[in-house]
Participant: 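Pasting a structure below so you can have a look.
Proteins come first, then strands; the chains are lettered A, B, ... in the order of their sequence lines, and each starts at number 1.
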There are 2 protein chains.
Amino acid sequence: MEKTKYSLATRELKKHKKSLSNPRLKILEYLCYYRDHPTAEQMYVDLHKELPTLSKTTIYNTLHALAELGLVKILNFEENKARYDIITEEHGHFKCQTCGGIFDFQVEQKLIPKGELLGYKIMERNLYFKGICKKCL
Amino acid sequence: MEKTKYSLATRELKKHKKSLSNPRLKILEYLCYYRDHPTAEQMYVDLHKELPTLSKTTIYNTLHALAELGLVKILNFEENKARYDIITEEHGHFKCQTCGGIFDFQVEQKLIPKGELLGYKIMERNLYFKGICKKCL
DNA sequence: GAATAAAATTGTAATCATTACAAATTTTCT
DNA sequence: AGAAAATTTGTAATGATTACAATTTTATTC
């Protein structure tokens with residue numbers, strides 16, 4: 001597990017008077033360890049094994065709370081379900097249409113658009129590619 | 001209404017042995033005229049007035065068929081519902097969090113990612129910004 | 001440390017966009 | 001016109017997410 005993000009997150013939670021409850025810690029642990037942009041359902045199925053009382057609503061609540069604090073990014077590029085990312089630094093996502101895997105990639109420069117958005121306040125940038133990954137080709 | 005796209009689309013439909021039925025033409029007309037990235041629901045409500053027999057399933061069927069032919073792009077960046085775009089050339093979308101409007105913008109160069117995606121086949125690029133538009137600021 | 005207040009969690013039911021599907025209608029072909 | 005194929009329609013199902021009230025856990029006060 002990546003220690004840095006985890007301890008940053010717990011510190012941030014305490015700072016905002018949020019308790020470090022077992023569900024929250026387990027969800028954070030999961031996000032820090034499995035960095036494969038899981039869905040809420042995936043987290044539920046996996047975490048339910050070691051924490052049988054955990055409910056789906058708690059997963060959603062916690063993820064929203066973490067997103068509120070800027071500790072998690074909610075990815076909305078799939079047709080029906082959201083994915084959750086503990087890496088909040090700006091980066092792109094590539095989805096392989098064959099294996100379904102989602103890969104991160106860095107972007108050259110700060111995506112600056114042409115004139116149209118002059119005077120617009122840009123608060124969030126999302127870059128999402130689709131195609132076939134090296135392994136599947 | 002933008003004639004070019006519309007006639008291109010009808011030509012393309014004929015080429016693929018798809019009938020130019022009334023629902024299809026009306027949906028195309030709508031997309032060409034209202035280029036504000038409507039949801040299926042919006043199209044249903046509006047088109048239902050002049051074509052009362054039109055069903056939602058037909059809207060979905062038609063939009064998928066048009067997407068299949070590359071005449072419509074399905075935009076999946078909102079949390080819960082899809083939006084549909086008749087402009088299929090590569091461009092970015094900006095969503096204003098205040099008024100909810102969605103604005104197109106051009107991108108400087110062909111979004112080329114750093115090394116990570118070397119050897120990956122990129123088939124679709126999506127760029128989506130969020131913030132506050134000039135008018136709302 | 002026990003009592004109380006506040007926060008968090010849980011399970012169930014509701015919501016809402018989208019899809020499945022079978023019947024009815026329209027279009028195309030002969 | 002008549003048969004076959006394609007399209008449309010309405011209703012019911014699906015599935016992710018949210019609403020909500022009851023219960024449990026955590027924090028606070030004495």
Participant: Taking the ring centre of each residue, are B/Phe103 and A/Tyr120 less than 6.0 Å apart?
Facilitator: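 Aromatic pair counts; centres sit under 6.0 Å.
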Participant: Answer with base, sugar-phosphate or nothing: what part of the nucleic acid does A/Ser19 contact at a heavy-atom distance below 4.0 Å?
Facilitator: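 The answer is sugar-phosphate, as A/Ser19 gets under 4.0 Å only of primed atoms, P, OP1 or OP2.
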Participant: Report which part of the nucleic acid A/Asn22 touches: base, sugar-phosphate, or nothing (heavy-atom distance under 4.0 Å, all strands).
Facilitator: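 No contact.
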Participant: What residues form a ring pair (Phe, Tyr, Trp, His ring centres under 6.0 Å) with B/His91, not counting sequence neighbours?
Facilitator: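 For B/His91, the residues satisfying ring pair (Phe, Tyr, Trp, His ring centres under 6.0 Å) (neighbours in sequence not counted) are B/His93.
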Participant: What string of B, S and - do you get for nucleotides 14-19 of chain C, 5' to 3', when a contact is any protein heavy atom under 4.0 Å?
Facilitator: ---SSB
Participant: Any side chain to side chain donor-acceptor pair (under 3.5 Å) involving residues 127-137 of chain A? Give me the pairs, sequence neighbours left out, ordered by first then second residue.
Facilitator: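 Residue pairs with at least one partner in residues 127-137 of chain A: there are none.
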Participant: Identify the heavy atoms of B/Ile74 and B/Ala82 that sit nearest to each other, and give their distance.
Facilitator: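 For B/Ile74 and B/Ala82, the tightest heavy-atom pair comes out as CG2-CB, 4.0 Å.
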Participant: Is the closest basic N to carboxylate O distance between B/Lys5 and B/Glu89 below 4.0 Å?
Facilitator: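 Yes, this pair counts.
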Participant: Find the distance between CD1 (B/Ile27) and CG (B/Asn61) and round it off to the nearest 0.5 Å.
Facilitator: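 Spacing of CD1 (B/Ile27) from CG (B/Asn61) equals 9.0 Å.
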Participant: Check whether any side-chain nitrogen or oxygen of A/Thr58 sits under 4.0 Å from OP1 or OP2 of C/dT9, and answer yes or no.
Facilitator: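 Looking at the OP1 and OP2 atoms of C/dT9, neither is under 4.0 Å from any side-chain N or O of A/Thr58.
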Participant: Using a heavy-atom cut-off of under 4.0 Å over every strand shown, decide if A/Ser21 touches base, sugar-phosphate, or nothing.
Facilitator: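 Contact class for A/Ser21: sugar-phosphate only.
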Participant: Without decimals, in angstroms, what is the distance between A/Leu51 CG and C/dT10 C1'?
Facilitator: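 Distance, rounded to whole Å: 12 Å.
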Participant: Taking any atom closer than 4.0 angstrom to a non-hydrogen atom of chain A, what span of DNA chain D does the protein reach, first nucleotide to last?
Facilitator: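 Listing 5' to 3', DNA chain D meets chain A from D/dA16 to D/dA27.
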Participant: Would you find a donor on one side and an acceptor on the other, under 3.5 Å apart, between the side chain of B/Arg83 and the backbone of B/His37?
Facilitator: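 Yes; at least one donor-acceptor contact below 3.5 Å.
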Participant: Whole Å only: how far is the CG atom of B/Asn61 from the C1' atom of C/dT26?
Facilitator: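 Nearest whole value for this atom pair: 15 Å.
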Participant: Rounding to an integer number of Å, can you tell me how far A/Leu13 CG sits from C/dA7 P?
Facilitator: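 Result: 15 Å.
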Participant: I'd like to know if the side chain of B/Arg24 reaches the main chain of B/Ser19, judged simply by a donor and an acceptor atom lying under 3.5 Å from each other, with no hydrogens or angles considered.
Facilitator: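 It does hold such a pair.
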Participant: Taking transitive links into account, so neighbours of neighbours count too, which hydrophobic residues share a cluster with B/Met123 at under 4.5 Å side-chain distance?
Facilitator: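 Direct or chained contacts put B/Met123 with A/Ile132, A/Leu137.
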Participant: Where the side chain of A/Glu116 meets the backbone of B/Gln106, is there a donor-acceptor pair that is under 3.5 Å apart?
Facilitator: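 Judged by distance alone, yes, a pair lies under 3.5 Å.
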Participant: Do you know which two heavy atoms are closest between A/Tyr84 and A/Leu31, and how far apart they sit?
Facilitator: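 Between these two residues, the closest heavy atoms are O-CD2, 4.1 Å.
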Participant: How would DNA chain D look in dot-bracket form, 5' to 3', counting Watson-Crick and G-U wobble pairs with both distances under 3.5 Å and writing | for bases paired to another strand?
Facilitator: ||||||||||||||||||||||||||||||
Participant: Please confirm whether the shortest side-chain N or O distance from A/Ser55 to OP1 or OP2 of C/dT9 is below 4.0 Å.
Facilitator: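 For C/dT9, neither OP1 nor OP2 has a side-chain N or O of A/Ser55 closer than 4.0 Å.
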